[in-house]
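Below is one structure, written out as structure tokens; comments come after it.
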Amino acid sequence: QIRDSPPEWDGASGFGKRALSYQGQFIIQNSITHAANALVGWEPRYELCRCSGFKARTWHAIKRNFVTYNSTDTALRPQLMPYLGASGAAAISAKAWLPGNLSPGIKAYQAAITQVFVGVGVNLLAEYAPDVMRLIHKDKNKNKKAAAGLH
């Protein structure tokens with residue numbers, strides 16, 4: 001909405017169109033990604049690092065955006081499907097409903113590049129969210145005990 005893209009969709013109705021467009025692309029992207037992973041038997045889920053230390057865990061999260069396990073969970077394969085899904089969804093939306101004469105190839109390329117950063121970000125969140133949640137709950141329990149006078 002802030003970027004006013006596409007500019008043909010302005011005002012409140014434009015916001016609704018953008019929201020529906022993003023949701024449609026999200027559904028198409030995930031459908032392509034999961035169907036393709038199922039077809040080849042590759043693991044679509046992020047697996048937490050079994051290592052310790054910030055550097056090792058961060059590297060694991062970054063690396064897992066580019067590789068995944070096969071059906072045996074023993075051999076790494078290129079993590080192609082999220083990129084295929086992002087590119088496919090962008091190309092389909094460019095042809096099917098986005099206004100203007102957008103190039104599906106350019107939209108697909110842009111989506112694949114965006115997937116690099118979004119994928120790494122999501123993996124980092126998945127890797128460190130359990131730690132953050134433990135800290136939050138630990139602080140809540142500590143505050144509850146303090147409030148009850150149970151130092």
Side-chain angles (χ1 to χ4, degrees), residues 1-140:
Q1 193 70 12
I2 291 171
R3 291 186 325 209
D4 195 30
S5 176
E8 296 87 347
W9 292 350
D10 59 351
S13 68
F15 176 78
K17 289 176 184 176
R18 285 184 184 97
L20 288 173
S21 179
Y22 287 128
Q23 186 62 33
Q25 289 180 54
F26 180 76
I27 290 167
I28 293 168
Q29 178 177 349
N30 283 323
S31 298
I32 292 171
T33 300
H34 290 290
N37 272 319
L39 185 67
V40 297
W42 293 354
E43 181 58 54
R45 297 169 293 182
Y46 177 77
E47 184 178 289
L48 294 175
C49 186
R50 295 185 187 117
C51 56
S52 62
F54 179 77
K55 186 176 178 182
R57 291 177 67 195
T58 300
W59 175 243
H60 173 81
I62 293 168
K63 181 178 74 171
R64 280 303 304 272
N65 192 48
F66 302 102
V67 294
T68 189
Y69 287 100
N70 66 357
S71 59
T72 66
D73 280 347
T74 57
L76 290 173
R77 298 288 183 252
Q79 180 70 291
L80 301 174
M81 304 320 171
Y83 299 95
L84 178 66
S87 297
I92 289 168
S93 68
K95 275 305 240 189
W97 68 76
L98 289 174
N101 193 11
L102 302 172
S103 166
I106 291 172
K107 293 300 285 181
Y109 168 77
Q110 290 170 339
I113 296 302
T114 300
Q115 179 62 36
V116 170
F117 299 101
V118 170
V120 168
V122 167
N123 286 356
L124 287 168
L125 281 172
E127 182 66 36
Y128 291 106
D131 299 328
V132 172
M133 294 307 293
R134 265 193 303 280
L135 285 173
I136 291 170
H137 289 295
K138 186 177 178 180
D139 287 345
K140 280 185 182 179

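- Atom CD1 of residue Ile27 and atom CD of residue Gln29 lie 11.5 Å apart, to the nearest 0.5 angstrom.
- The shortest distance between side-chain heavy atoms of Pro78 and Trp42 falls below 4.5 Å.
- Tyr46 places a side-chain heavy atom less than 4.5 Å from the side chain of Leu48.
- Less than 6.0 angstrom separates the ring centroid of Phe54 from the ring centroid of Tyr128.
- Under 3.5 Å, the side chains of Tyr69 and Glu47 contain no donor-acceptor pair of N or O atoms.
- Contact check for Trp9 versus Pro99: side-chain heavy atoms found under the 4.5 Å cut-off.
- Inter-residue side-chain proximity for Ser93 and Lys107 is flagged as unmet; no heavy-atom pair is nearer than 4.5 Å.
- Looking at Met81 and Val40, their side chains come closer than 4.5 Å, going by heavy atoms from C-beta outward.
- Between Pro130 and Glu127 the shortest heavy-atom distance is CD-O, 3.7 Å.
- Contact detail for Asn70 and Thr72: the closest heavy-atom pair is OD1-OG1, 2.7 Å.
- Side-chain atoms of Thr68 come within 3.5 Å of backbone N or O of Glu43 as a donor-acceptor pair.
- A donor-acceptor contact shorter than 3.5 Å links the side chain of Arg64 to the backbone of Arg45.
- Within 6.0 Å of CG in Leu76 there are more than 12 heavy atoms belonging to other residues, nucleotides or ligands.
- Taking the side chain as every heavy atom from C-beta outward, Arg50 and His60 never approach each other to under 4.5 Å.
- Applying the side-chain hydrogen bond (donor to acceptor under 3.5 Å, both in side chains) rule to Ser21 yields the partners Gln25, Trp97; only residues at least two apart in sequence or on another chain are considered.
- With contacts defined as side-chain heavy-atom distances shorter than 4.5 Å, the pair Ile62/Asn123 does not qualify.
- Applying the side-chain hydrogen bond (donor to acceptor under 3.5 Å, both in side chains) criterion to Asp131, with sequence neighbours excluded, gives Arg57, Arg134.
- Counting only heavy atoms from C-beta outward, the side chains of Asn65 and Tyr83 approach each other to under 4.5 Å.
- Closest heavy-atom contact between Ala36 and Leu84: CB-CD2, 4.1 Å.
- Listed here is the closest heavy atom pair of Leu124 and Ala61: CD2-CB, 3.7 Å.
- Shown here for Ala94 and Leu102, the closest heavy-atom pair between the two residues is CB-CB, 4.2 Å.
- Closest non-hydrogen pair, Pro44 versus Asn37, comes out as CB-ND2, 3.5 Å.
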